[in-house]
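Starting from 1, each residue takes its place in the sequence as its number.
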Amino acid sequence: MAEVIDFRSDTVTQPTPAMRRAMAAAEVGDDVYGEDPTVRRLEEVAAERLGKEAGLFFPSGTMANQAAVLAHTRRGDEVLLEEESHIYYYEVGGVALWAACQVRPLPSRRGVLDPAVVEAAIRPANIHFPPPRLLCLENTHNRWGGTVMTAEQTAALAEVAHRHGLKVHLDGARIFNAAVALGVPADRLAAPADSVMFSLSKGLGCPVGSLLVGDRDFIAEARRYRKALGGGMRQAGILAAAGLVALDEMIDRLADDHALARRLAEGLANLPGVHVDLEAVQTNIVMADVAATGRTAYELAGALAAAGVKVNAVDARRLRWVTHKDVGPADADRALAIFHRILTEG
């Protein structure tokens, strides 16, 4: 039987041999007591890479995002964010559940908010309104297909927020993809934000983990919330060791994933009934609109899985294909041939 090709997400990546060696040899201690040297080193390196004072290691990006919201807000505040953002769409209502804040979803163009829209959404102080406290941004943007936000766009949005007294949190789960695509250092993209989260377990290939970075006072507060959310880990240096390898060895190769996504996107766009917005294919995610095939994305995802190709249906009309280090050009070509057969043979 042919090997399954998995384009569902870059979260399915396997740790590299170098990561496994580093994990096996990691010096560890109890991180809740602040005694794990490998975790401490990873947090320092992460903060340095993104130009912030301090960092904090989390089991997941969702927990890191939620701890950031908790640290930036008070109960009853308002959080402004993009209407398709991960924090709003995929984190189980955590802003309401944990922070007891109201969310204000805002429309965007390909995941990038308009500063004028943000400005108009920030209401003045009034006893009837929740105080606007936090603006959340996302780079790259998952549901818009891995689109990037430039440093200038981020700075313009942060200027509006800061002028009105709001903090800015950047969900930068794939910020290194954005940096590679734009050809700029990641700290430039992070600079306008008060806090930034990024994932180790997506394109960087680690088995577990995300980092939250910001100033020291913010990270001290986030540490309390990490503990409250159940994220305090003990000998976590075994996991952090993989993160150090990733930050040294796995960033530049993200360009390969982007090139493969472009190859895949162009092939998908040539299939009958499939539409791809090629201008939106900027990093390692491809959204394929299959409405014109006469079959739902859910049906086609099932047919592809049965034929050995795993992809995610994000809704009834769109399939999401994500490239990563464990798939290559031959996998993309074989997946395209299988999909063509499914579409033409029924």
Side-chain angles (χ1 to χ4, degrees), residues 1-13 82-86 88-91 105 107-112 138-149 173-174 177-178 181 202-203 254 256-346:
M1 182 176 178
E3 185 176 347
V4 171
I5 308 170
D6 200 338
F7 285 105
R8 288 175 299 171
S9 178
D10 42 11
T11 61
V12 304
T13 49
E82 198 272 338
E83 63 187 356
E84 298 281 341
S85 65
H86 193 281
Y88 178 61
Y89 208 95
Y90 287 126
E91 298 190 8
S108 73
R109 173 170 168 74
R110 288 184 178 146
V112 180
E138 186 172 333
N139 194 18
T140 65
H141 199 293
N142 181 3
R143 281 184 61 82
W144 280 96
T147 51
V148 302
M149 182 165 51
R174 296 181 176 91
N177 288 89
K202 295 184 170 68
L254 293 172
D256 298 337
D257 298 343
H258 300 173
L260 184 60
R262 172 60 54 174
R263 177 182 184 134
L264 185 63
E266 291 173 354
L268 288 166
N270 286 323
L271 296 180
V274 178
H275 173 73
V276 177
D277 179 0
L278 293 175
E279 290 185 11
V281 182
Q282 298 170 5
T283 54
N284 69 319
I285 302 176
V286 181
M287 291 291 191
D289 188 320
V290 296
T293 67
R295 300 164 72 177
T296 71
Y298 302 113
E299 292 170 333
L300 289 172
L304 282 162
V309 179
K310 293 183 177 182
V311 298
N312 273 337
V314 297
D315 52 39
R317 66 182 300 153
R318 291 185 301 165
L319 292 172
R320 188 185 78 155
W321 304 66
V322 184
T323 56
H324 51 81
K325 74 176 188 64
D326 293 340
V327 291
D331 298 308
D333 293 347
R334 185 158 72 88
L336 288 167
I338 290 169
F339 197 15
H340 181 268
R341 186 173 70 246
I342 288 169
L343 292 171
T344 55
E345 295 178 3

Closest heavy-atom contact between F339 and V290?
-> CZ-CG1, 4.3 Å
Does E138 come within less than 4.0 Å of R143, counting only side-chain N to carboxylate O?
-> no
With N177, the side chain to side chain contact (heavy atoms under 4.5 Å, CB included) member among L254, N139, V148 = L254
Under 3.5 Å: donor-acceptor pair, side chain of S9, backbone of V12 = no
Per the salt bridge (Lys or Arg N to Asp or Glu O under 4.0 Å) rule, which among K325, R320, K202, R174 passes with D10?
-> R174
Give the minimum heavy-atom separation between G273 and A292, together with the two atoms involved.
-> O-CB, 3.5 Å
Tell me, do V322 and R8 make a side-chain contact under 4.5 Å, heavy atoms counted?
-> no
Would you mind reporting whether N312 and F7 have side-chain heavy atoms less than 4.5 Å apart?
-> no
Determine, stepwise, if the pair L260 / D331 fulfils side chain to side chain contact (heavy atoms under 4.5 Å, CB included).
-> CA-CA 10 Å; L260 184 60; D331 298 308; over 6 Å; no
Determine the minimum heavy-atom distance between A288 and V274, stating which atoms define it.
-> CB-CG1, 3.9 Å
Which heavy atom in L278 sits nearest to a heavy atom in A265, and how many Å separate them?
-> CD2-CB, 3.7 Å
Donor-acceptor pair between H141 and E84 side chains, under 3.5 angstrom | no
With side chains defined as the heavy atoms from C-beta onward, is the minimum distance between T140 and M149 less than 4.5 Å?
-> no
dist T323:OG1 -> R262:CZ (nearest 0.5 Å) comes out at 11.5 Å
Does D315 come within less than 4.0 Å of R317, counting only side-chain N to carboxylate O?
-> no
Q282 side-chain N/O to E279 backbone N/O, donor-acceptor pair under 3.5 Å | yes
Please examine the side chains of L304 and L319, heavy atoms only from C-beta on, and report whether any two atoms are closer than 4.5 Å.
-> yes
Can you tell if the side chain of S108 reaches within under 4.5 Å of the side chain of W144, non-hydrogen atoms only?
-> yes
When every non-hydrogen atom of R110 is compared with those of A280, the smallest separation belongs to NE-CB, 4.0 Å
Report the distance from atom CG of D6 to atom CH2 of W321, rounding to the nearest 0.5 Å.
-> 11.0 Å
Any ion pair linking R318 and D289 (charged N to carboxylate O, less than 4.0 Å)?
-> no
Would a 4.5 Å heavy-atom cut-off, applied to side chains only, mark P272 and T293 as touching?
-> no
Provide the closest heavy-atom pair for T283 versus A181 in the form atom of the first, atom of the second, distance.
-> CG2-CB, 3.8 Å
Is M287 close to V314 at the side-chain level, that is, under 4.5 Å between some pair of heavy atoms?
-> yes
Check whether any side-chain heavy atom of P329 sits under 4.5 Å from a side-chain heavy atom of R263, and report yes or no.
-> yes
